[in-house]
Each structure stands twice: as C-alpha cells, then as structure tokens.
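All remarks here apply to the structure that follows.
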Amino acid sequence: MSEKVKIVAVSGPTATGKTALAVKLAALFDGEIVSVDSRQVYRYMDLGTGKDLEEYGEIPYHLIDIADPASETYNLSCFCRDAFAAIDDIRKRNKLPVLCGGTALYLDALLKGYRLPGGQLPEREKGVARSKADYEAEPSFTPPFELDPLVIGVLFDRKTVRERIEKRLDARFEAGMVEEVRKLHDIQKVPYEKLEFFGLEYREIAQYLQEKCSFEEMRQSLLDKIRQFAKRQDIFFRKIERSGQDIYWCREGKEPDPVALVKQFLAGAQLPEITFRLADVDYGKKK
C-alpha cells in the first residue's frame with residue numbers, strides 16, 4: 001500500500017462541538033464529512049446520537065442513516081469497509097475527506113489501517129458463548145490504501161465538559177428525545193432489548209418507558225453515565241497518543257488555529273510542534 005490519502009479527522013470527547021468544527025473545515029477546504037460514530041449509522045436515531053444534521057447545511061456527509069436499527073447490527077468491520085469506501089469516493093472527486101466523530105475505537109482502527117483477522121464473527125446470541133476468530137481464515141477487511149491524517153481534537157476542561165453535557169442533555173429532552181425512543185419501539189419495532197444494546201440514551205430511556213424508573217431517576221442516571229463515557233473517551237484518546245498518533249488538541253476548537261493547521265497540512269508544510277498531549281496530563285484524584 002504505497003499510496004497515501006490525506007484526510008483531516010476532528011474528534012474529542014462528547015459535547016465538545018466536533019460537528020461544528022468539522023463542517024467549518026469542510027466548507028473552507030472543499031471537503032465532505034465521514035461520520036466516525038457507532039450509532040449515527042442507524043436511521044431514526046437522531047436526538048439520542050446527536051446527529052445535528054441541521055449543522056451540515058450544504059456539506060455532503062457519509063455513514064449516517066445507512067443501517068436499520070431493528071434488523072441490522074453495525075460493527076467495526078462494517079465501519080472500516082464503509083469508511084475506506086467513502087474516503088475513496090471523496091478523494092476521487094478531488095474533495096477533502098473530513099472525518100468527524102467521537103467513537104475512538106473506530107477512529108483508531110481506521111488510522112492504523114487495522115486488518116480484522118479471522119473473518120467475520122457471527123452475531124452475538126444471548127446466553128450463547130461467542131465463537132472465537134479463526135486466525136487462519138482470510139481477514140474480513142484489508143485497507144485498500146494508507147491514510148495520511150491530520151488529527152484535530154476539540155478540548156475543553158473537564159468541568160466545562162460536564163456542564164456542556166448537562167445542558168445538551170436537557171435540550172435534547174426538550175426536543176423530544178423520549179418520544180424518539182418511544183417511536184423506535186412502537187413504530188420501527190426495535191425491541192427494548194435492542195434499544196438497551198445501543199447504550200446510554202437508548203438504554204436509560206428504554207428503562208423509563210418500561211416503567212422501571214421515574215423520569216428524574218432516568219435523567220440523573222443518564223447524566224452520570226454520559227459523563228463517565230466522556231472520561232472513557234478521554235482515556236482512549238490518551239491510548240491513541242501513546243501508540244504514536246499525533247493529535248493537535250485545540251482549546252475550545254480555536255487554539256491552535258485549526259484552519260491554519262489544515263492549510264499547512266494540505267500544503268505539505270512542516271506542522272508546528274505539539275505542545276500539549278492529553279496523555280501527559282495528570283488529573284489526580286477527584287476531591
């Protein structure tokens with residue numbers, strides 16, 4: 001794989017404004033968005049996954065609303081296959097692929113050109129031990145080319161992220177997130193068990209709709225779990241850095257200037273030295 005394709009990836013923990021920055025960069029540099037989100041691939045799951053489609057305007061996007069939540073299960077193998085296909089399509093039209101999303105596992109696999117060994121595993125069945133990969137079988141996916149990435153992270157301090165998460169959660173409740181989950185079950189025929197499999201908003205609201213908790217109990221549990229999820233994302237991004245991938249963390253999406261970084265990157269100029277690494281931050285024990 002001697003060919004390398006330049007891409008820009010915008011990532012970071014939840015509720016940090018990744019979509020807005022990715023759309024801005026795509027608009028400025030004639031790009032198209034490739035979603036890196038394990039749940040935005042599903043149709044009808046809009047508020048709970050934070051698709052924010054109104055932010056895209058005229059910017060084309062890929063890997064959103066491509067799977068049915070009732071009948072399909074989307075996984076890492078599907079993502080690698082579809083993401084490389086989308087990137088190939090975008091670059092063949094002389095556009096800039098701009099990856100956007102916070103599913104760090106998917107992003108890491110894509111950047112590393114991860115080959116999925118042993119073929120495709122069968123779907124999980126409740127109560128049945130999962131089959132192990134056959135490592136002598138053909139890989140279920142092999143990247144068709146290498147990526148040359150500029151990875152930009154949107155950074156806020158943890159206190160601000162916690163506040164942004166709560167504000168966004170309440171806004172989504174007001175916009176009808178509970179009704180969205182109700183329709184997924186009643187109209188799209190997604191079983192409660194499958195909704196709980198999707199995690200976070202869908203799991204907690206499914207519990208509420210089954211009258212297993214009050215609205216306030218559900219809201220508080222969901223708020224706590226989203227904040228915990230943001231911390232896990234933080235940990236995974238540290239892991240990505242420690243594996244050797246540079247991430248330019250832009251404070252509040254502004255400093256260092258992401259537009260200047262992309263200009264230098266696309267021009268083949270020397271990028272500035274990274275002065276902040278998430279992996280080097282010691283938050284200490286919570287008091």
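When a residue number appears, it is its place in the shown sequence, counting from 1.
In this structure, R251 is positioned above the aromatic face of F276, its NZ or CZ under 6.0 Å from the six-membered ring centre and within 45° of the axis. Because its NZ or CZ atom is not both nearer than 6.0 Å to the ring centre of F173 and within 45° of the ring axis, R219 does not count as a cation-pi partner of that residue.
Side-chain contact between V259 and F29: present, with at least one pair of heavy atoms (C-beta onward) separated by less than 4.5 Å. When side chains are defined from C-beta on, M177 counts as touching L169, because their heavy atoms get closer than 4.5 Å. Contact check for E166 versus R227: side-chain heavy atoms found under the 4.5 Å cut-off. Here the side chains of L155 and L278 are in contact, with some heavy-atom distance below 4.5 Å.
For E273, the CD atom is loosely surrounded, since the number of other residues' heavy atoms within 6.0 Å does not exceed 12. Other residues, nucleotides and ligands contribute at most 12 non-hydrogen atoms within 6.0 Å of the NZ atom of K24. Counting non-hydrogen atoms of neighbouring residues, nucleotides and ligands closer than 6.0 angstrom, the OH atom of Y61 reaches no more than 12 such neighbours.
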Inset, instruction - Please test F145 against F84 for ring pair (Phe, Tyr, Trp, His ring centres under 6.0 Å), starting from the C-alpha separation and ending with a verdict. - result: CA-CA 8 Å; F145 48 80; F84 269 101; 5.2 Å; yes
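Each of Y42, Y74, Y192, Y44 was evaluated against F198; a single residue qualifies, Y42, per the ring pair (Phe, Tyr, Trp, His ring centres under 6.0 Å) test.
Of the possible polar contacts, none joining the E204 side chain to the S221 backbone as a donor-acceptor pair under 3.5 Å is found.
For D224 and Q220, the side-chain atoms include at least one donor-acceptor pair closer than 3.5 Å.
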